S.K.: 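Take a look at the following structure, please.
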Amino acid sequence: MAEKITKRDINYSEWYNDLVIQSGLAENSAVRGCMVIKPHGWAIWENMKSILDKKFKDTGHVNASFPLLIPKSFLEQEEGHAEGFAKECAVVTHYRLKTHPDKKGKLIVDPESRLEEELIIRPTSETIIWNCYRGWIQSYRDLPILINQWANVMRWEMRTRLFLRTAEFHWQEGHTAHATQEEAVEETLKMLDVYADFMENYMAVPVIKGVKTANERFAGALDTYCVEAMMQDGKALQAGTSHFLGQNFAKAFDVKFLNKEGKLEYAWATSWGVSTRMMGALIMAHSDDDGLVIPPRLAPLHVVIVPIFKNAEQLAAITEKADAIIKELKALNIIVKFDDSDTAKPGWKFAEYELKGVPVRVAMGMRDVENNTVEIARRDTKEKTTVANENLGAYIQDLLEKIQQNMYDKALAFRTANTFVIDTWDAFTAQIEKGGFIYAHWDGTSETEDKIKELTKATIRCIPMDGVEEAGTCVYSGKPSNKRVLFARAY
RNA sequence: CGGGGCGUAGUUCAGCCCGGUUAGAAUGCCUGCUUUGGGAGCAGGAGGCCGCUGGUUCGAAUCCAGCCGCCCCGACCA
């Protein structure tokens with residue numbers, strides 16, 4: 001009997017923790033706030049990476065790598081950026097240890113090795129990258145620069161949760177430089193679309209695209225765009241961000257180029273990123289009390305075949321049938337595993353692969369061998385069907401597509417059922433307690449936003465991009481408003 | 001950094017209040033046999049600086065002090 005996962009409706013956050021650990025995605029490490037991503041978790045992340053990486057390359061970007069350590073002075077260059085990140089930076093002050101003079105085997109920081117200029121571990125890389133761009137950009141002919149890096153970064157968080165908020169996390173950060181404002185804005189929105197497409201078509205998580213309010217804006221950006229998703233507890237999770245940085249970093253790092261008219265101009269910047277936090281979104285959007293539910297397009301393993309046998313002869317007979325199926329599936333690029341280990345019983349294997357989120361399970365016993373059938377179980381609905389072996393490859397390929405689609409449809413239906421249009425303060429506060437997304441009017445001031453957050457813990461997730469102009473009054477202050485914004489409690 | 005809780009077998013925990021045999025259970029692990037269509041059964045076995053340091057005591061997992069670490073709730077945040 002495996003350890004029990006806390007049920008979702010008993011304690012959602014315990015369910016999440018139990019699930020991440022028991023499904024073998026990740027665990028806490030010896031270093032507080034830093035997680036170990038285990039093979040199963042990393043395999044999903046790798047799939048996310050390779051899909052996104054292709055999309056970045058298809059949109060003209062190239063990868064590079066910039067240093068982990070950033071001189072403290074770089075962070076000071078852009079004021080908003082500095083203020084935003086200063087309080088969560090790990091700082092390197094020394095470069096050497098030495099043995100303790102009295103205690104054998106103990107090491108101490110060598111006070112002689114203090115760095116002249118302290119280095120910070122990157123919380124994000126705008127500064128060190130724009131410092132480089134100064135050397136790379138002289139003319140409009142050098143633009144645009146479209147660079148992405150896959151990296152780890154560190155933000156010294158007070159409270160951490162596996163995948164959702166860790167001190168060290170893995171992500172990609174795109175950093176582009178452009179000759180014109182229009183082109184930079186276009187890039188910002190283009191990458192937001194890449195993210196939205198990825199979330200919806202691969203993660204099977206519907207998202208709302210929008211702009212952040214001033215309060216929620218990235219430190220150093222003029223505009224921050226985001227994709228917001230709803231988790232099964234009705235809370236919002238920001239799954240990706242794309243920033244229009246204007247000329248802030250070009251000015252801070254003195255990045256100027258000669259335009260066609262021979263005049264010096266500051267370059268225009270964007271940055272955009274998604275992180276291992278998406279793993280949290282994936283888990284919380286789809287999984288259930290039995291374990292992970294992974295959409296086929298991200299699953300490290302699509303199909304597991306579990307033989308049910310009493311002896312070696314039976315296993316041989318089943319294996320022969322299974323081999324044909326495996327061959328057929330592999331020809332269709334379906335990733336399949338035949339689990340013929342005799343160290344665990346079939347029932348145990350069923351539960352284990354459900355916990356790991358494998359989309360399709362094929363069970364084969366002697367009954368099936370005789371009838372030329374298999375039993376197919378889909379992870380998303382837990383339905384079991386007995387099907388004939390003929391054209392099984394095509395059947396499973398089609399089933400994987402259906403699972404992918406069903407997971408999206410289900411997530412979308414859940415979001416729709418938990419999204420409310422609200423006009424009164426009483427209704428607003430009542431609904432926020434119950435969870436979900438709320439579209440309400442807002443007077444556009446930070447003061448009102450802060451007040452609402454203080455009173456309800458809800459924040460403005462974004463000003464939706466597909467929102468329509470509509471006259472109304474602010475749900476809190478009663479002042480006039482011309483557009484609804486999206487409120488929710490968030491991760 | 002505030003408020004609370006907890007450190008005992010790989011894991012989850014009992015024992016501590018009220019000090020006294022060889023420190024227990026469940027689960028997991030190993031071996032063997034029987035099993036195998038939803039987390040099997042029986043038998044045997046291995047596994048512990050009781051978080052660390054010091055103190056009290058004839059004697060400490062248990063009492064006292066200090067330290068370290070972890071978890072939960074707040075403030076901060078992708």
Side-chain angles (χ1 to χ4, degrees), chain A residues 1-6 11 13-14 17-18 21-22 27-33 83-89 103 123-124 152-173 195 212 215-219 221 224-229 236-243 271-281 290-291 306-312 314-315 318 339-355 361-371 373-377 382 384 386 453-454 457 459 461 490-491:
Chain A
M1 191 69 97
E3 308 89 294
K4 277 268 176 279
I5 298 173
T6 304
N11 186 331
S13 68
E14 268 184 39
N17 286 334
D18 288 352
I21 289 166
Q22 287 177 37
E27 62 189 34
N28 283 309
S29 74
V31 181
R32 184 180 140 71
E83 277 176 27
F85 283 105
K87 59 189 176 298
E88 51 186 10
C89 288
K103 295 181 193 164
T124 179
N152 56 345
V153 292
M154 177 158 273
R155 297 180 188 175
W156 208 266
E157 298 291 347
M158 299 291 181
R159 277 182 67 190
T160 58
R161 292 193 66 193
L162 293 167
F163 288 118
L164 297 174
R165 178 163 296 109
T166 46
E168 180 194 22
F169 57 94
H170 296 261
W171 74 345
Q172 58 69 217
E173 43 180 328
Y195 290 154
K212 287 292 189 189
N215 284 7
E216 302 277 326
R217 196 179 288 150
F218 175 77
T224 287
Y225 296 83
C226 62
V227 283
E228 295 283 334
L237 187 141
Q238 177 180 313
T241 49
S242 185
H243 314 291
S271 69
W272 29 274
V274 293
S275 72
T276 37
R277 183 179 230 208
M278 283 195 301
M279 294 287 294
D290 295 318
V306 177
I308 298 156
F309 57 96
K310 296 187 182 183
N311 51 48
Q314 292 192 353
L315 177 59
I318 295 165
D339 187 352
D340 62 351
S341 62
D342 61 357
T343 50
K345 288 182 61 176
W348 193 91
K349 291 178 187 174
F350 292 175
E352 187 65 13
Y353 289 109
E354 276 162 11
L355 177 60
R361 180 184 73 236
V362 174
M364 293 177 74
M366 288 314 289
R367 213 154 67 208
D368 297 302
V369 170
E370 282 155 25
N371 300 335
T373 58
V374 294
E375 181 194 78
I376 291 189
K382 314 258 335 241
K384 291 196 270 196
T386 298
K453 183 177 178 184
E454 183 192 323
K457 293 187 182 133
T459 49
R461 300 320 302 152
Y491 279 97

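Fair warning: this is a prediction, and the values are worked out from it, not measured in the lab. Below, chain A is the first sequence line, B the second, and so on; all start at residue 1. Heavy atoms only: backbone and side chains are in, while hydrogens, waters and symmetry mates are out.
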S.K.: In whole Å, measure the gap between the C1' atoms of B/G24 and B/G47 for me.
M.R.: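 Between the two C1' atoms, the distance is 14 Å.
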S.K.: Within this structure, what is the OH-to-C1' distance between A/Tyr491 and B/C76, rounded to whole angstrom?
M.R.: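 To the nearest whole Å, that distance equals 18 Å.
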S.K.: Looking for any heavy atom pair under 4.0 Å, which part of the strands does A/Phe309 touch: base, sugar-phosphate only, or nothing?
M.R.: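 The residue A/Phe309 makes base contact.
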S.K.: Take the protein atom CZ of A/Arg161 and the nucleotide atom C1' of B/C71, then report the distance between them rounded to whole Å.
M.R.: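 One finds 13 Å between C1' of B/C71 and CZ of A/Arg161, rounded.
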S.K.: Expressed as a whole number of Å, how far does the P atom of B/U34 sit from that of B/U53?
M.R.: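 Here B/U34 and B/U53 have their P atoms 50 Å from each other.
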S.K.: Salt-bridge test for A/Lys212 and A/Glu228: reply yes if a basic N is under 4.0 Å from a carboxylate O, no otherwise.
M.R.: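 Looking at A/Lys212 and A/Glu228, the cut-off is met.
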S.K.: Please tell me which of A/Thr241 and A/Gly33 maps to the more 5' nucleotide of RNA chain B, matching each residue to the nucleotide holding its nearest heavy atom.
M.R.: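 Looking at the nearest nucleotide for each, A/Gly33 comes out on the 5' side.
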S.K.: In whole Å, what is the span from the CG atom of A/Asn311 to the P atom of B/G37?
M.R.: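 Distance check: A/Asn311 CG to B/G37 P gives 14 Å.
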S.K.: Does B/A25 pair with anything, Watson-Crick or G-U wobble, both distances under 3.5 Å, and if so, with which nucleotide?
M.R.: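 Paired with B/A25, as far as the under-3.5 Å criterion goes, is B/U12.
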S.K.: Does A/Arg32 reach a base, just sugar-phosphate, or nothing at all? Heavy atoms under 4.0 Å.
M.R.: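 The residue A/Arg32 makes sugar-phosphate contact but no base contact.
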S.K.: Quote, to the nearest angstrom, the P distance that separates B/G2 from B/G19.
M.R.: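 Nearest-Å result for B/G2 against B/G19 at atom P: 34 Å.
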S.K.: Tell me which nucleotide among B/G38, B/G37, B/C76 gets nearest to the side chain of A/Met158.
M.R.: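 Selected nucleotide (nearest to the side chain): B/C76.
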S.K.: Please give, in whole Å, the distance from B/C70 C1' to A/Ile21 CD1?
M.R.: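 Rounding to the nearest Å, CD1 of A/Ile21 and C1' of B/C70 are 12 Å apart.
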S.K.: Among B/U35, B/C71, B/G38, which nucleotide has an atom closest to any side-chain atom of A/Lys345?
M.R.: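 Nearest listed nucleotide: B/U35.
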S.K.: Return the value, rounded to whole Å, for the distance between atom CZ of A/Phe350 and atom C1' of B/U36.
M.R.: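 Answer to the nearest Å: 10 Å.
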S.K.: Could you tell me whether a side-chain N or O of A/Asn17 sits under 3.5 Å from a main-chain N or O of A/Glu14, the two making a donor and an acceptor?
M.R.: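 No.
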S.K.: Under 4.0 Å, heavy atoms only, any strand: does A/Leu164 hit a base, just the sugar-phosphate, or nothing?
M.R.: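 If one applies the 4.0 Å heavy-atom cut-off, A/Leu164 turns out to touch a base.
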S.K.: Of the listed nucleotides (B/C72, B/G38, B/C71), which one gets closest to any side-chain atom of A/Asn17?
M.R.: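 Of all the options, the side chain of A/Asn17 is nearest to B/C72.
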S.K.: Rounded to the nearest Å, what distance is computed from the CG atom of residue A/Asp339 to the P atom of nucleotide B/G39?
M.R.: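 In whole Å, B/G39 P lies 16 Å from A/Asp339 CG.
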S.K.: Would you check, one step at a time, whether the test salt bridge (Lys or Arg N to Asp or Glu O under 4.0 Å) holds for A/Arg155 with A/Glu168?
M.R.: CA-CA 6 Å; A/Arg155 297 180 188 175; A/Glu168 180 194 22; over 6 Å; no
S.K.: Could you tell me the separation between the NZ atom of A/Lys453 and the P atom of B/G74, rounded to a whole number of Å?
M.R.: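 Distance, rounded to whole Å: 13 Å.
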S.K.: May I ask which nucleotide in the shown strands pairs with B/G51, Watson-Crick or G-U wobble, both distances under 3.5 Å?
M.R.: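 For B/G51, the partner nucleotide comes out as B/C67, under the 3.5 Å rule.
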S.K.: Under 6.0 Å between ring centres: does that hold for A/Phe163 and A/Tyr491?
M.R.: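 Between A/Tyr491 and A/Phe163, which both carry aromatic rings, the centre distance is not below 6.0 Å.
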S.K.: Could you let me know what B/A43 is paired to, Watson-Crick or G-U wobble, both distances under 3.5 Å, or none if it's on its own?
M.R.: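 B/A43 is paired with B/U31.
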S.K.: Is there a Watson-Crick or G-U wobble partner for B/G19 with both distances under 3.5 Å, and which nucleotide is it?
M.R.: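 Looking at the geometry, B/G19 pairs with no nucleotide.
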S.K.: Say we look at B/C16 and B/C29: how far apart would their C1' atoms be, to the nearest angstrom?
M.R.: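 So the two C1' atoms sit 29 Å from each other.
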S.K.: To the nearest angstrom, how far is A/Asp18 atom CG from B/U11 atom P?
M.R.: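 Going from CG in A/Asp18 over to P in B/U11 covers 16 Å.
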S.K.: From the options B/C71, B/G37, B/C76, select the nucleotide whose nearest atom is closest to the side chain of A/Glu157.
M.R.: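 Selected nucleotide: B/C76.
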S.K.: Please give the nucleotide sitting opposite B/G2 as a Watson-Crick or G-U wobble pair, both distances under 3.5 Å, or none.
M.R.: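 The base-pairing partner of B/G2, which may sit in any strand shown, is B/C73.
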S.K.: Please work out if A/Asp342 contacts a base, only the sugar-phosphate, or nothing of the nucleic acid, heavy-atom cut-off 4.0 Å.
M.R.: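 Counting heavy atoms under 4.0 Å across all strands, no contact is made by A/Asp342.
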S.K.: Rounded to whole angstrom, note down the C1' distance from B/G4 over to B/U8.
M.R.: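 Each nucleotide's C1' atom is 22 Å from the other's.
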S.K.: Do A/Phe350 and A/Trp348 have ring centroids that are under 6.0 Å from one another?
M.R.: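 Ring centres of A/Phe350 and A/Trp348 not closer than 6.0 Å.
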S.K.: Apply ring-ring contact (aromatic ring centres under 6.0 Å, His included) to A/Phe85 and A/Phe218, showing your working.
M.R.: CA-CA 10 Å; A/Phe85 283 105; A/Phe218 175 77; 5.7 Å; yes
S.K.: In whole Å, what separates the P atom of B/C64 from that of B/C6?
M.R.: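 Each nucleotide's P atom is 14 Å from the other's.
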S.K.: If you check the A/Trp348 side chain, which of B/C71, B/G39, B/G37 turns out closest?
M.R.: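 When the side chain of A/Trp348 is considered, B/G39 is the closest of B/C71, B/G39, B/G37.
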S.K.: Within a strict 4.5 Å, meaning less than it, do heavy atoms of the A/Glu216 and A/Thr224 side chains meet?
M.R.: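 A/Glu216 vs A/Thr224: side chains apart.
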S.K.: What does A/Lys87 touch in the nucleic acid at a heavy-atom separation under 4.0 angstrom: a base, only the sugar-phosphate, or nothing?
M.R.: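 Here A/Lys87 touches the backbone only, sparing every base.
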S.K.: Look at the side chain of A/Glu354 and decide which nucleotide, out of B/G37, B/A75, B/G38, has an atom nearest to it.
M.R.: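 Selected nucleotide (nearest to the side chain): B/G38.
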S.K.: Mind checking the C1' distance from B/U62 to B/A23? Whole angstroms is fine.
M.R.: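 It works out to 11 Å between them.
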S.K.: Mapping A/Glu216 and A/Pro346 to their closest nucleotides on RNA chain B, which lands nearer the 5' end?
M.R.: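 So the residue in question is A/Pro346.
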S.K.: Go through it in stages, so that I can follow the logic: the residues are A/Glu354 and A/Lys382, the test is salt bridge (Lys or Arg N to Asp or Glu O under 4.0 Å), and I'd like the CA-CA distance, side-chain angles, deciding distance and then a yes or no.
M.R.: CA-CA 9 Å; A/Glu354 276 162 11; A/Lys382 314 258 335 241; 3.8 Å; yes
S.K.: Check every strand shown and say whether A/Phe169 touches a base, only sugar-phosphate, or nothing at a heavy-atom separation below 4.0 Å.
M.R.: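 Since a base atom lies under 4.0 Å of A/Phe169, the category is base.
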S.K.: Expressed as a whole number of Å, how far does the C1' atom of B/A61 sit from that of B/A14?
M.R.: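 It comes out at 12 Å once rounded to the nearest Å.
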S.K.: Let's test your reading of the model: under 3.5 Å, does the base of B/G38 pair with the side chain of A/Lys384 as donor and acceptor?
M.R.: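 Such a pair exists between side chain and base.
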S.K.: Please classify the nucleic acid contact of A/Thr459 as base, sugar-phosphate, or nothing, using heavy-atom distances under 4.0 Å.
M.R.: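 Since no nucleic acid heavy atom lies under 4.0 Å of A/Thr459, the category is nothing.
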